[in-house]
Every structure is written in C-alpha cells, then in structure tokens.
Amino acid sequence: MNHSSTNVESRTVTVPDQALLEALVDHSELLIVVLDLEGRVVNFNHACEMLTGFSAAEIVGRPIWTTLIPGVEVAAAQNATQRLSTEGLPSTFVSHWLTSDGQQRLLHWRNTTLLDPDGKPQRILGTGIDITYQEQAEAKRQHGAQQLRKLIDTLPGLVARLDRDFHVRFINVNSRHWFGLDTNAEMGKHIRDVIGDGGFNVLRPGFAQALAGSDATYHGPVPYARGGTRFIHGTCMPSHDERGKIDGIYISALDITEQQALRQQLADEMRRGRTILDHAIDGTIIIDERGIIQHFNPAAERIFGYEAAAVLGHNVKLLMPEPVQSDHDDYIRRYLDTGEGRIIGSGRDVTGRHRDGSRIDLHLSIASFTENDETLFVGFTSDITARKAAERRSRDHLRELAHLDRRAGMNELTTGLAHELSQPLTAIRATAEAFLARLEKGQVPPESLSKALQQISLQAARAGEIIHSVRSFLRKDAGHGADAHDPNTMINTVLKLLSHEIETTGVKVVRNLNDNIGHCMAHRVQIEQVLFNLIHNAVEAMANTEAERVLEIESRFDADTTSCCITVTDSGPGIADGHFERLFDPFFTTRPQGLGQGLSICRSIVEQHGGTLTAANDPERGARFTLMLPSFQEGKDHDSEER
C-alpha cells in the first residue's frame, strides 16, 4: 500500500468464513482495510472511519489512492499494491492517509496477501496503527537535541562526556578553541590523548570520584598538552544509563586564566596598597556612610593613641572634640543628600581628639569613592601640632616686630603729632586766658561763658581723638579679633595720622575710594600698619621730586577674586629694576637709616590674612603697590573650620 516496504516471512492465508472476517474487522481497534487486486477498497473498518472521518460507504468500491493517499505518495502506493498482487509477499511500511478535514496522519502498516483455495491471490489485507504522535514526539526530540547541542556549543566553557574507560563520547566545539582539535576527530579517543598525560594526572582524581557516584570540583592550573597551562574551574558528575547505573562522566570546565591573572593582579595591588597604607607617615582612616571606621592604619594609631582593634566598628566622631563631634553625622548626611562637600577633595587644618582627651592639631584631606554601591570616605591626617606651635611663635614674633615698627614710625611722626596737638591746646589756652581776663574785669555775660566752655570742650575732644588714634596705632596687638572692616575707613584713618607729613612735604592726595567696595576680614590695627607703611614710603619717595607730588589711593571690589583691592601710587622715581626681586626681603632697604623690615613685615601680615601684596612701576609715574584682602561674605562662617 505504500512506497516504503519491508519483506517479511512469506506465508499463505486462505479466505476465512465471510461473517467471521467481517466481525473481526469491525471490532478491532487496529486499522484494517481490505483491497482487491486492483486496489479498490473492499472493507473499511470502524477504526478507519474514526481516524479519517470518512464512512465506509464513501470509501468502499473506490481505489484507495483516490481519496486516502496524498498525491505525492500515489505512485508508490500503486507499486506496492502491484507487488502484493503478483508476488504475494507480506511487507511492512510507513505512509500517510488523508482525513476528511484535510489533515495527514502517519500510519505504520503490515500488509499480507489473502489467497483463494487454489492458492491464488484474491485480496490484500492491511493492518495499521496511527504513529502520528510518535513521529511528532520524535521530531521534537530530535529538534530538542539539536537545540541542546547548539546551546552546549555556545557555552563559554568545555563540555564533554566520557565513558567508564575515559573514552570521549561527546565534546563540544570549544575543544577547538582550547586544543585546536576537530571535535568529530576526538570521538572515541582516550581523554589522555586529548589533554596529555600531565592534564590527565591532575584531573584523574576528580574523574574517579565522579565514577564513584559523587560530584567533584577542581579549581586550579592544568598543564594541557595543547594550549599550555590553563587555570580552570571544572566539575565532574556521574552519568547514568536508563537503569540508573553509572556509565560515564560529564565534564564541565571554564577557562578562567585571564580572570585569575586579573584577580592575582588585584590581590597584589591590594597587598601593595595595604603595605603602603600601613607604612605611611600620615594616618589613614576609612569610614562608611554611617561614619563607622573600616580601616585604621598604624600611623593613625600613633596620632590618636588608639589601637585599630579599639576603634574598628565605632563611629569616627570619637576622634573629634565638640562641637564637631555632635554634628559630624549631619555633615555626612548632607553630603550624601546633596553631593556638596566643603572639605572633600581639599585639605584643611582641623582639631582632633586624642585617646587621653587632649586636642591634636591636624591637617586633614578627605576623598570619597564607591565600593559595592556604597560610598566610602578616606581621610589622610598628619599631626601638625609642632608646626602649629611654630606658627604661633612666628606670629607672636611678627606682632612684636610689627609693634616695634609702629613705634619706630611714630618716632618719625613726633613733629607732626606736636603740630596736630598744638592747635587744639593753643585754642584751649587762648580761650581760657581771654575769659579769665574778662572775669577779672567782671565783663562775662552768662551766654558768652557758655560759648567759651563749648569751644574749650570741642578743642579738648579734638586733642583726645588725636591721642586715641596714636594709642590705638601703638597698641600691642594680641593677634585675635579679626572682624569685618571698611577698607575706606582704614585708609582715611591712616591718612589722618600722616596728614602733617603729607602737608609739609607738599603732596597732593587723590582719593578714588569706591563706596561699594564692601568689607574685608582683617585685624584692623595690622592692616592700618600696612597702609601706614605704604603711604609713608610713598610720601618719602616723593620728598626730593621736583615735579608735582601726587599720592593716589584707589579702592575697589575685585569680582574675579572676590577681594577688596587697594592701590597706593606715587609720582616718585619708581622702583629700580634690580630691586624688585629683593623688595620684600628682610633687611633690604634703600634708605640710609632704614632697617629693611617694613615691607617684609607688611607682606607677612597680608599673607596671614589670606591676601597678597605686590609692587610694580606705574606706566606713567612712580611706583604702585597693590593690596588684595579677602572680602567679607555675608552668611559665611569665617571663624570656624569648614566641614
């Protein structure tokens, strides 16, 4: 009945009783069809009707290939019928039948020829079963096997199966990348011939463990015969047959040579980094987002007096004095919320707390980094207690020098001060003597006496202001109390002190003072001393000038540096070219009686204020000194350390 047939043992079947044959055909669950020698359907049992959806009446009497056989299989079906009719040899084959709704069913047939009493072929009997689902299942199985093979071949590692004698029964295409071998050519070979004696000896204990029924893992180097030594992570698992008996080994291995090299490099770098941190002079402290100490190197132990074990796991604020200690957690939260840190990425001088409770002067630099999605902070601290003490001694020494410099300056102003004081004192004396004479003559009306007393009081107040200015200028400054001051007020105060010298020298003062300059943070007396020296030097520089003697003082706000800028320009001879480099050096002077300390002290004072003092020759006349001081920023805490 089809093109695909297989001959089986030849036998003769005689036609049985008709009623018995029909009963067997109708009640059988097998597909049973009987054809005449021309291929016409003689009998079409109930199972055939159920499978195809055709009734027996629709099929019986018609050639089987006109309705049930797909067109591509008709010729093969006719040939099979012809052979059965002539040769009478039983056969088995697989073919398709069409159903009434146009579907195809795959059937497995066993055919035999029915003979008449004379032994001649009379009918063809076919019995079959529907194997459509088996075919679909097999197709799915084969497709699944192909997909699984593709999946295994795309895995980054090596996958193989060995039998109990360690012969290769399967190996994925990665064997080409690992060993440069043809996958098919390795089938059936002993694994030793594939990986070499060295690799086999290293992995054999794992193979043996898998054959004994347990999974085995190997993590380490393997000296392969091809491709050299590789660092692998491999697993061996027992393979079982359909009865559950171990029949071999499954092998899965990943080549992690590069990762291991990177891991080793990272470990080496971490070891070097830890060695550097442990032997660094600066203390190194690492904290997490909660302020908890994660690392505390030996230098930090020496600085703070704690052993690392005593502080690890504790909040870093135990190393801080109040009020920073209470506020530190808020500083961290503010940075994590806003990303704005005042000290992170820069360095500041701060105060720490020793284990014994004493305060330590420190220089602190902080950096942040991310590890495992968590922000960590690393602080580098150095003990600057000795440096701070030296700075304090230096400041005290500078104040002493500045005080002496002011006193020396006042010695030069004695004549001017005498002149300034003589005027109010002379007025007081003249007024008092005039009224005493009138009192003796009894010619003092009450209203005249009141005016005289007011005049005496006014002149006494003027003399008091002069004395107060001199006393303030000569006062030994303690170095504390920096505050916001108006630069213009300080300029006018110094000009008043030097007014007599300016007048007697014939100097014209030009003031270009900007009312919007704002305020600067300064120790008033110290900055007035700087201005005193600059203006006094300018007046002296013009003493022997025949041309017009002009002193120009300008104040303005410099937006680029947010500074208060003051320039003092004279019309003197200017600064000689060879003097610029040494102008601010101690003991350098161009005056015969000078000590060479004035400008050196001035620059030190300005730099302690965070400002600059520079000198240059004006393009049109004389010398120009420029003083830059940080401006006072409203709302900024100028006294406390930035967090």
For the residue pair [X] and [Y], establish whether any side-chain heavy-atom pair is separated by less than 4.5 Å.
| X | Y | answer |
| --- | --- | --- |
| Ile232 | Leu203 | yes |
| Phe170 | Val159 | yes |
| Arg355 | Phe304 | no |
| Asp361 | Asp349 | no |
| Arg359 | Arg353 | no |
| Ser631 | Cys520 | no |
| Ile251 | Thr235 | no |
| Phe625 | Leu531 | no |

What's the spacing between [X] [atom1] and [Y] [atom2] if we round to 0.5 Å?
| X | Y | atom1 | atom2 | result |
| --- | --- | --- | --- | --- |
| Ile292 | Ile287 | CD1 | CD1 | 8.5 Å |
| Leu629 | Ile566 | CG | CD1 | 6.0 Å |
| Ile191 | Asp165 | CD1 | CG | 13.0 Å |
| Leu613 | Ser604 | CG | OG | 10.0 Å |
| Thr229 | Tyr224 | OG1 | OH | 10.0 Å |
| Cys565 | Phe557 | SG | CZ | 11.0 Å |

With sequence neighbours left out, write down each residue that passes side chain to side chain donor-acceptor pair (under 3.5 Å) with Thr375, or none if nothing qualifies. none
Qualifying residues under side chain to side chain donor-acceptor pair (under 3.5 Å), relative to His190, sequence neighbours excluded: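 His190 satisfies side chain to side chain donor-acceptor pair (under 3.5 Å) with no other residue.
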Could you tell me if [Y] and [X] have a donor-acceptor pair between their side chains, going purely by distance under 3.5 Å?
| X | Y | value |
| --- | --- | --- |
| Asp356 | His354 | yes |
| His519 | Asp486 | no |
| Asp558 | Ser563 | no |
| Asp268 | Gln264 | yes |

Has [X] got more than 12 heavy atoms of other residues, nucleotides or ligands less than 6.0 Å from its [atom1]?
| X | atom1 | value |
| --- | --- | --- |
| Arg169 | CZ | yes |
| Glu269 | CD | yes |
| Glu307 | CD | no |

Verify side-chain contact (heavy atoms from CB on, under 4.5 Å) between Phe377 and Ile286, making sure each step is shown before the conclusion. CA-CA 6 Å; Phe377 304 91; Ile286 299 177; over 6 Å; no
After noting the C-alpha distance and the side-chain angles of Thr370 and Leu376, does the key distance pass the side-chain contact (heavy atoms from CB on, under 4.5 Å) rule? CA-CA 6 Å; Thr370 302; Leu376 298 178; over 6 Å; no
Describe, in one word, how the ring planes of [X] and [Y] are oriented to each other, choosing from parallel (under 30°), tilted (30 to 60°) and perpendicular (over 60°).
| X | Y | result |
| --- | --- | --- |
| His523 | His609 | perpendicular |
| Phe200 | Phe166 | perpendicular |
| Phe231 | His219 | perpendicular |

Could you tell me whether a side-chain N or O of [X] sits under 3.5 Å from a main-chain N or O of [Y], the two making a donor and an acceptor?
| X | Y | result |
| --- | --- | --- |
| Asn537 | Asn533 | yes |
| Asn297 | Asp282 | yes |
| Arg556 | Leu513 | no |
| Asn488 | Asn514 | yes |
| Tyr306 | Ala309 | no |

Report the C-alpha separation of Asp197 and Arg192 in whole Å, then their side-chain angles, then the decisive distance to 0.1 Å, and conclude whether the salt bridge (Lys or Arg N to Asp or Glu O under 4.0 Å) test is met. CA-CA 6 Å; Asp197 292 334; Arg192 180 191 290 109; 3.4 Å; yes
Please assess Asn492 against Thr489 for the test side-chain contact (heavy atoms from CB on, under 4.5 Å), listing each intermediate value before the final yes or no. CA-CA 5 Å; Asn492 289 326; Thr489 300; 5.8 Å; no
Taking side chain to side chain contact (heavy atoms under 4.5 Å, CB included) as the test, write out the residues that go with Thr614, two or more places apart.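 Thr614 satisfies side chain to side chain contact (heavy atoms under 4.5 Å, CB included) with Thr626 only.
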Pair Arg161 + Asp247: basic N to acidic O under 4.0 Å: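 The answer is yes: the pair qualifies as a salt bridge.
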